[in-house]
Amino acid sequence: MADTMTSRLIEMRSITKQTAHELMPLVLSLILIDGLILVWALRDHTLPIFDGASHLLSAFRCRDLLLHCHFRSLDWWRSVATVNVLYPPLVYLVYGIAKILFGTSGTVDLLVRIAFANLLAISLYIHSMVLFEKKSVACASSILMLIYPQIFWLTHFDLLDLPGFAFVSSAQAAFSYWRCRPTYATCILAGLLSALAILAKNNEVAFILPMFVYFFCVDLVTKRFERIRQLVCAGLVVVALVTPWLIAAYPAMSKVINTAQQSPYKAGFVQNLLCYLIYSPTLPSPLLWCFFLLAVIFAKMSTHRRLVPLATASIIGLIVISVFRWTPDPRYEIPIVTVMALYSGVFLVDNLKFKLFLPFTIVVSLLFVQQNYVRLMPRRVPPLLGAAMGLYRDLVPEWTIPCYPKPPGDWGYEMITGIIRSYSNRGVSRDALVVPASPDVNASTLIYLNCRDSLNCRFINVREWSMLGDKVSFDLERAKSFQWIIEKTGDQGTHIADRASENAYNEWLLFPISSAQFKIAGTKVLPDGSTLVVYQKK
């Protein structure tokens, strides 16, 4: 009996050692990736703006709902589902839980982004191991994935695209695992991860649906009806998890969809698809793009066969996302880089013989320096290419991808919060009107700072956002009630809907100057040359 126990312990230790040895490259890869993200975060102190601030405000609302949860109340569940009428609540719940456990500082948001980046790296590592069964290929693919400029840029901003892509990558890995071990359990796991991807960001359905369609068609042609039944079960899991959110959010979303149909953006499917094709070279850096092209050329036939399902689903996904009626953006098509990273990882290991982890780490570090500090990426679409595609003037006049650290710039937030805090600390709650809606000075960022730092001041946005342009109305009595009015010269931000709103907006700009009730509490020249002015009620 004792000998049996001893042999079992020795066997368990051997398995533990082997597992630790196999996971060590992945652990070192994640340490490298997380270190690069932290270094960049230390260099770039940009505050959340527009979409990022809006998502974080939704996270704060989720935190409040979780702190006052009523699981038996349908209204509570409906509030969670519609915490942001445009998007599903999964990512907001993750941020909200993190804020409950660890606090509301920006460091917590950074740690959540790093967690999603690690999920992306781990899912690609598993996917590569399933397809190629080589730890070196898996590590190469994982690291290359996260140093692609567009993805590395997303690790620094609180947008939904990174977590959405992380769950899409997990679903892709689960589908590949299911093809190797076709059981109901593995297919239902793929369905669960697919549902999480859609609940992270709804447009990820463009890359989830093609995987179901592709495997369904393949199994139908090959008459593998048992796999079709498994796939149907996975689809039912997706429907069961996503439908409650759709039912709860439909009334609010339908209004947005109806408004979107009146949008001045008139591009059709062909223009959107061409636009995404133009954007695709901006996903990797020039050197990484060369790696991918060489990898495709020199890849073995076995590599092509293994990646055919993923490549086909990615191409179909790009076609599907081109059908959606919104302005194209490179971050919407990032799931296609999974194929690029896997091809490139195989190329590095099989052709360049990077077998050891240490030299590979050195090479990848050089790639990181090359793409993030040496600005080789062209900043505009070549005029002839843009004109030939009919997109240069109508859709994407600039090829501007913010994939490099932004030098710290003081946009006046410290001055604004410092002035307001000196009064709000006296226990008096005040209202502040924010007139501009530019990317760098806007109400969303100030509202986020109020939630994060408890400024005891309610920031009011003068604009009512709409997909057709911001609506603005002027109320003299309301204007007199504000304790603070924040304005700036120069760029005022997004376009205004109509002439009446423009006139009302001009009245807001002129009010503190013409009114005898306000005085200037502080001014600051901003990095773009404009001047920020904070007016205080006398």
Side-chain angles (χ1 to χ4, degrees), residues 33 36-37 40-41 44-62 83-99 106-121 123 145-170 196-207 256 276 279 282-283 321 324 326-338 372 400-406 437 439-440 442-445 447-449 451-452 465 467 493-494:
I33 292 165
L36 296 179
I37 296 172
W40 197 28
D44 186 359
H45 304 285
T46 305
L47 290 170
I49 58 173
F50 275 173
D51 286 356
S54 175
H55 294 318
L56 290 175
L57 290 175
S58 297
F60 274 105
R61 287 192 287 272
C62 259
V83 70
N84 187 319
V85 297
L86 296 176
Y87 302 104
L90 178 60
V91 177
Y92 305 136
L93 287 170
V94 173
Y95 271 94
I97 292 171
K99 291 181 182 300
T107 304
V108 174
D109 302 329
L110 172 62
L111 293 176
V112 173
R113 295 196 302 272
I114 289 177
F116 282 124
N118 288 343
L119 174 61
L120 177 59
S123 65
M145 168 73 81
L146 286 181
I147 65 171
Y148 277 35
Q150 190 64 220
I151 296 174
F152 194 78
W153 175 76
L154 286 173
T155 62
H156 197 58
F157 291 89
D158 297 284
L159 300 172
L160 302 183
D161 302 275
L162 177 63
F165 181 30
F167 284 115
V168 168
S169 180
S170 301
L196 293 179
I198 297 172
L199 291 174
K201 190 172 185 184
N202 37 6
N203 69 346
E204 301 299 352
V205 70
F207 293 93
V256 176
Y276 282 119
Y279 278 147
T282 69
L283 299 177
I321 205 171
F324 297 158
W326 56 54
T327 305
D329 191 286
R331 56 194 170 95
Y332 299 153
E333 61 175 332
I334 57 171
I336 68 174
V337 303
T338 301
N372 286 290
T400 304
I401 306 301
C403 56
Y404 306 104
K406 183 178 181 179
D440 296 294
N442 57 84
S444 295
T445 301
I447 296 170
Y448 162 74
L449 290 175
C451 293
R452 191 189 73 180
W465 179 84
M467 295 188 73
T494 54

If you round to the nearest 0.5 Å, how far is [atom2] of [Y] from [atom1] of [X]?
X: D158; Y: S58; atom1: CG; atom2: OG; value: 11.5 Å
X: L86; Y: N203; atom1: CG; atom2: CG; value: 11.5 Å
X: T107; Y: L111; atom1: OG1; atom2: CG; value: 6.5 Å
X: H156; Y: L162; atom1: NE2; atom2: CG; value: 13.0 Å
X: L199; Y: L160; atom1: CG; atom2: CG; value: 12.0 Å
X: D161; Y: R331; atom1: CG; atom2: CZ; value: 4.5 Å

Do you know the tightest heavy-atom contact between [X] and [Y]?
X: F157; Y: R113; answer: O-CD, 3.4 Å
X: F207; Y: I321; answer: CE1-CD1, 4.0 Å
X: L93; Y: C62; answer: CD2-SG, 3.8 Å
X: Y448; Y: A53; answer: CB-CB, 4.4 Å
X: V168; Y: P335; answer: CG1-CB, 4.3 Å
X: H55; Y: L159; answer: CD2-CA, 3.9 Å

S123 side chain vs L119 backbone, donor-acceptor pair below 3.5 Å: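 At least one qualifying donor-acceptor pair exists.
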Under 3.5 Å donor-acceptor, D329 side chain and Y332 backbone: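 Side chain of D329 to backbone of Y332: no pair is present.
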**Prompt:** Is there side-chain contact between F165 and V337, with heavy atoms separated by less than 4.5 Å?
**Reply:**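 Side chain of F165 against side chain of V337, heavy atoms only: contact under 4.5 Å found.
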Just so I know, are the side chains of I198 and P88 near enough to count as touching, which here means a heavy-atom distance under 4.5 Å?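 I198 does not reach P88 side chain to side chain.
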Taking R452 first and then D109, would you say they form a salt bridge - that is, a charged N and a carboxylate O separated by under 4.0 Å?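 Answer for the salt bridge query: no.
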For N84 and Y92, run side-chain hydrogen bond (donor to acceptor under 3.5 Å, both in side chains): C-alpha distance rounded to whole Å, both residues' side-chain angles, the deciding distance at 0.1 Å, then the answer. CA-CA 9 Å; N84 187 319; Y92 305 136; 3.1 Å; yes
#### Entry: Ring geometry between F116 and F167 (parallel below 30°, tilted from 30 to 60°, perpendicular above 60°)
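Answer is perpendicular, since the angle exceeds 60°.
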